[in-house]
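Quick caveat, the model's predicted, so the values are computed rather than measured. Quick note: residue numbers are just sequence positions, from 1.
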Amino acid sequence: MYFKWRKKEAVNPALVEHISESININSFLSKILVQRNVEDYETAKSFFNPLKSELHDPFLMKDMDLAIDRIQEALNNGENILIYGDYDVDGTTSVSLVYTFLKTYTPNIDYYVPDRFKEGYGISVEGIAYAVENKVDLMIALDCGIRSVDICTLAKENGIDMIICDHHLPGDTLPNAVAVLDPKRKDCEYPFKELSGCGIGFKLIQAFAQDKGLPFESIEDYLDLVVVSIASDLVDIRGENRVLAFYGLKKLNSSPRMGLQALIGEVPVGKSFTISDIVFSIGPKINAAGRIAHARNAVELLISNDFYEAEKLTDVLHKNNDERKETDSDITIEAIKRLDEDPSFAAKKSTVLYGDQWSKGVLGIVASRLVEQYYKPTIVFSQIEDQLTGSARSIKSFDIHTAIGQCGDLVEQFGGHMYAAGLSIKKENFNAFQERFEEIAMKQLEKQELVPEVEYDIELPIDAITEKFVEILDRMEPFGPGNMMPVFRSNGFTRATRARVLKEKHLKFTLMNSSGHYFDVIGFSLGDKMHIIESGKPFDICYCLEYNVFRGERKIQMKLKDIKFANEE
């Protein structure tokens with residue numbers, strides 16, 4: 001695929017010079033900091049050394065006092081408590097966190113995770129029925145429930161009190177619950193709005209501990225779950241999330257809970273887990289439980305204190321993940337074949353298709369792969385009885401949630417945000433929906449918007465890359481939305497050594513600076529660009545800098561984002 005390269009907007013040179021002098025770093029690094037709104041000594045100090053004291057008082061969240069009072073009442077009276085959560089990583093970590101914490105205070109506690117295939121997203125009727133059958137008095141819903149107005153009414157009619165802990169956008173009407181914890185409520189003045197669902201759960205137990213006069217150290221052990229949720233749910237990693245993720249990574253790398261330790265397995269000497277490692281390694285394995293079988297297996301792993309049980313559950317999740325990989329690969333191949341054989345597809349600005357037998361559990365992954373392949377707003381449906389259930393993924397300049405809303409008369413239900421959504425339609429409405437959605441994409445998207453971008457922070461001479469430079473970059477972790485790993489551009493290379501294609505798709509070569517120092521370069525899925533190096537013509541690269549640990553040896557590596565002939569733009 002062809003990528004446009006775009007440099008980030010220029011920053012104020014005076015600010016760059018000021019931060020360079022304040023913390024004694026070179027102008028290349030200070031430019032990156034200013035791009036991240038780090039403009040003075042105090043902000044830099046907080047950025048590089050986040051403090052637990054920077055976490056906000058949980059009681060600033062609307063209804064937190066009501067939630068804590070109701071939980072304490074339930075504990076005092078020996079009431080039955082049910083912890084309910086979604087089937088993805090954020091939901092299962094949320095359930096594991098709150099369940100494990102409250103279990104130290106009462107034996108009268110259970111948890112429930114809905115079946116993705118039978119119950120779908122959110123608080124289900126089946127979940128309420130389970131609560132009624134088990135004589136539940138208080139139900140705490142995590143990472144879901146903010147739009148479950150009717151379900152909360154049903155719970156109340158059956159004598160069940162609800163506490164909602166969610167981070168999604170509310171509808172016009174809030175559920176009739178004892179407490180609704182959601183920073184995105186219009187009447188909530190909590191200073192940070194981008195907590196994950198598990199982050200809301202953590203604020204709940206922080207408030208509980210604070211109310212009992214317990215030190216923050218009493219809840220620190222739960223931060224490994226919080227960072228897994230922050231990374232996997234792709235929430236903004238600035239502000240309070242940066243503090244939670246920073247200390248969560250410390251916990252994950254030093255003494256993770258039994259279940260995560262089993263899932264991670266043996267860690268190479270010198271290796272530290274990062275947000276990226278969670279996104280691409282830990283998160284998918286936890287997610288696979290709900291995509292292929294039942295997410296309850298993930299919760300059982302995350303709350304386990306028994307090594308042998310954790311090992312067995314890890315094997316289950318690994319098998320689920322292997323099956324998930326095979327399933328989403330098969331569906332992706334079939335989808336690409338169908339699209340490539342469709343003579344009308346090339347002229348379209350959207351991708352909308354369905355398969356009768358496609359697994360509902362991997363639709364979002366398939367949609368993401370199709371966006372990578374064609375870079376068009378994409379919706380992939382699977383048939384469930386007389387309805388089509390779909391997952392939507394978008395490109396940078398297209399609000400897919402709003403576009404689905406503009407097809408409202410053809411949609412049974414939908415939810416999500418600008419870049420990802422879920423929806424269901426009647427099968428007989430598929431053609432009409434496909435046409436309407438394409439009309440919207442045609443009107444809103446210019447041709448140039450259908451070309452993906454590589455956005456780079458700064459141009460960097462290769463001679464500027466030193467151990468100290470990369471060490472300071474490394475201290476800018478955690479990276480993620482709002483603080484992405486810096487991307488550099490270096491120009492005018494005429495020679496690369498040891499160039500080869502690995503596994504028929506990955507490009508690997510070596511570059512040398514003026515001092516004779518070599519840097520390994522790896523470009524995943526860029527093997528088709530080998531001809532650029534072989535041509536002997538000057539070329540430019542966009543890349544990230546990272547440490548690669550192999551057999552205990554740590555070396556600087558350039559992770560390629562793209563490669564082009566010099567002046568190709």
Salt bridge flag under 4.0 Å for residues Glu240 and Lys203
yes
Correct closest heavy-atom pair for Cys544 and Met485 would be CB-SD, 3.5 Å
Ring centroid separation for Phe381 and Phe433, is it under 6.0 angstrom?
yes
Salt-bridge criterion met for Arg238 and Asp236 (N-O under 4.0 Å):
yes
So among Ile465, Ile462, Ile541, Ile32, which one has a side-chain contact (heavy atoms from CB on, under 4.5 Å) with Phe488?
Ile32
Would you verify whether the NZ or CZ of Lys52 falls within 45 degrees of the ring axis of Tyr247 while also being under 6.0 Å from that six-membered ring's centre?
yes
Could you tell me the separation between the OG1 atom of Thr389 and the CZ atom of Arg116, rounded to the nearest 0.5 Å?
11.5 Å
Starting from the C-alpha separation in whole Å, work towards a yes-or-no answer on side-chain contact (heavy atoms from CB on, under 4.5 Å) for Thr93 and Asp143.
CA-CA 10 Å; Thr93 52; Asp143 190 35; over 6 Å; no
Hey, would you say the Phe539 and Phe565 ring centroids sit under 6.0 Å apart?
no
Any donor-acceptor N/O pair, Arg500 side chain to Arg498 backbone, under 3.5 Å
yes
Using distance alone, with no hydrogens and no angle criterion, decide if Glu449 and Tyr375 have a side-chain donor and acceptor under 3.5 Å apart.
no
In short, Gly199 meets Val226 closest at the heavy-atom pair CA-CG1, 4.5 Å
Is there side-chain contact between Tyr543 and Leu460, with heavy atoms separated by less than 4.5 Å?
yes
Any donor-acceptor pair under 3.5 Å from His506 side chain to Lys503 backbone:
no
Are any of the side-chain nitrogens in Arg257 or Asp224 under 4.0 Å away from the carboxylate oxygens of its partner?
yes
Option among Lys31, Arg489, Arg36 that satisfies the salt bridge (Lys or Arg N to Asp or Glu O under 4.0 Å) test with Asp457
Arg36
Of all the heavy-atom pairs spanning Ile400 and Ala420, show the shortest one and how long it is.
CG2-N, 4.0 Å
Please examine the side chains of Leu225 and Ser96, heavy atoms only from C-beta on, and report whether any two atoms are closer than 4.5 Å.
yes
More than 12 heavy atoms from other groups under 6.0 Å of NZ on Lys193
yes
Which heavy atom of Ala499 sits nearest a heavy atom of Ile533, and at what distance?
CB-CG2, 3.9 Å
OH (Tyr518) and CE (Met512) are apart, to the nearest 0.5 Å, by 5.0 Å
For the residue pair Glu459 and Ser490, confirm or rule out a side-chain donor-acceptor distance under 3.5 Å.
no
Go through the side-chain N and O atoms of His401 and Asp399 and say whether any donor and acceptor fall under 3.5 Å apart.
no
Polar side chain donor-acceptor pair, Asp182 to His167, under 3.5 angstrom:
no
With rounding to the nearest 0.5 angstrom, report the CD to OG1 distance, Glu372 to Thr332.
9.0 Å
Closest heavy-atom pair and its distance - Lys564, Ile532
CA-CD1, 4.0 Å
Is any side-chain heavy atom of Ile336 less than 4.5 Å from a side-chain heavy atom of Gln373?
yes
Once rounded to the nearest 0.5 Å, what's the spacing between atom CD1 of Ile472 and atom CG of Asn26?
7.0 Å
Are the side chains of Ile264 and Asp277 in touch, meaning some heavy atoms are under 4.5 Å apart?
no
Cut-off 3.5 Å, side chains only: do Trp358 and Glu334 have a donor facing an acceptor?
yes
Is a salt bridge present between Lys348 and Glu438, judged by a nitrogen-to-oxygen distance below 4.0 Å?
no
Heavy-atom donor-acceptor pair, Lys271 side chain to Val549 backbone, under 3.5 Å
no
Should Lys184 and Asp166 be marked as a salt bridge (charged side-chain N to carboxylate O under 4.0 Å, His left out) after you check the CA-CA gap, both sets of side-chain angles, and the distance that decides it?
CA-CA 9 Å; Lys184 293 189 176 76; Asp166 205 348; over 6 Å; no
Please report the shortest heavy-atom distance between Thr274 and Leu249, naming the atom on each side.
C-CD2, 4.0 Å
Are Asp340 and Tyr374 close enough that a side-chain donor and a side-chain acceptor fall under 3.5 Å?
yes
Pairwise distance NZ(Lys555) to CG(Asn548) - rounded to 0.5 angstrom:
8.0 Å
For the aromatic rings, using the six-membered ring if either is Trp, is the centroid distance between Phe192 and His56 under 6.0 Å?
no
Judged by atom type as modelled, is there a donor-acceptor pair below 3.5 Å linking the side chain of Asn491 to the main-chain atoms of Ala566?
no
Is it true that the NZ or CZ of Lys349 lies under 6.0 Å from the centre of Phe398's six-membered ring and within 45 degrees of the ring axis?
no
Would you say the rings of His417 and Tyr419 are close, in the sense that their centroids are separated by under 6.0 Å?
no
What's the verdict on side-chain contact (heavy atoms from CB on, under 4.5 Å) for Ser255 and Lys251, showing C-alpha distance, side-chain angles and the deciding distance?
CA-CA 6 Å; Ser255 56; Lys251 170 67 178 170; 3.2 Å; yes
So OG of Ser350 and CD1 of Ile379: to nearest 0.5 Å the spacing works out to 7.5 Å
Is a side-chain N or O of Asp233 found less than 3.5 angstrom from the main chain of Val235, in a donor-acceptor match?
no
Using the rule given for side-chain contact (heavy atoms from CB on, under 4.5 Å), can you reason through Asn483 versus Arg242, listing the C-alpha separation, both sets of side-chain angles and the distance that settles it, and then say yes or no?
CA-CA 9 Å; Asn483 180 41; Arg242 181 169 178 81; 3.2 Å; yes
Has the side chain of Arg393 got a donor or acceptor atom that lies under 3.5 Å from a matching backbone atom of Leu370?
no
Are the side chain of Asn241 and the backbone N or O of Glu194 linked by a donor-acceptor pair below 3.5 Å?
yes
One thing to verify: whether Lys337 and Glu341 come together as a salt bridge, which I'm taking to mean a side-chain N less than 4.0 angstrom from a carboxylate O.
yes
Flag the pair Asn37 / Thr43 as yes when at least one side-chain heavy-atom distance between them is below 4.5 Å, and no otherwise.
no
Given side-chain contact (heavy atoms from CB on, under 4.5 Å), test Tyr87 with Thr92 step by step and report yes or no.
CA-CA 6 Å; Tyr87 40 67; Thr92 51; 5.5 Å; no
Under the 3.5 angstrom rule, does the side chain of Ser30 hit a backbone N or O of Ser27 as a donor-acceptor pair?
yes
Looking at Arg495, I want to see if its CZ is surrounded by more than 12 non-hydrogen atoms of other residues, nucleotides or ligands under 6.0 Å.
no
So, Arg369 and Asp328, do they make that salt bridge, N to O below 4.0 Å?
yes
Taking 4.0 angstrom as the limit, do Asp88 and Arg291 come out as a salt bridge?
no
Are the side chain of Ser535 and the backbone of Lys537 linked by a donor-acceptor contact shorter than 3.5 Å?
yes
Donor-acceptor pair, Glu477 side chain versus Phe479 backbone, under 3.5 Å?
yes
Counting heavy atoms not belonging to Glu54, are there more than 12 under 6.0 Å from its CD?
yes
Would one find more than 12 heavy atoms of other residues, nucleotides or ligands at under 6.0 Å from atom NZ of Lys319?
no
Does CG belonging to Asn24 count more than 12 external heavy atoms closer than 6.0 Å?
no
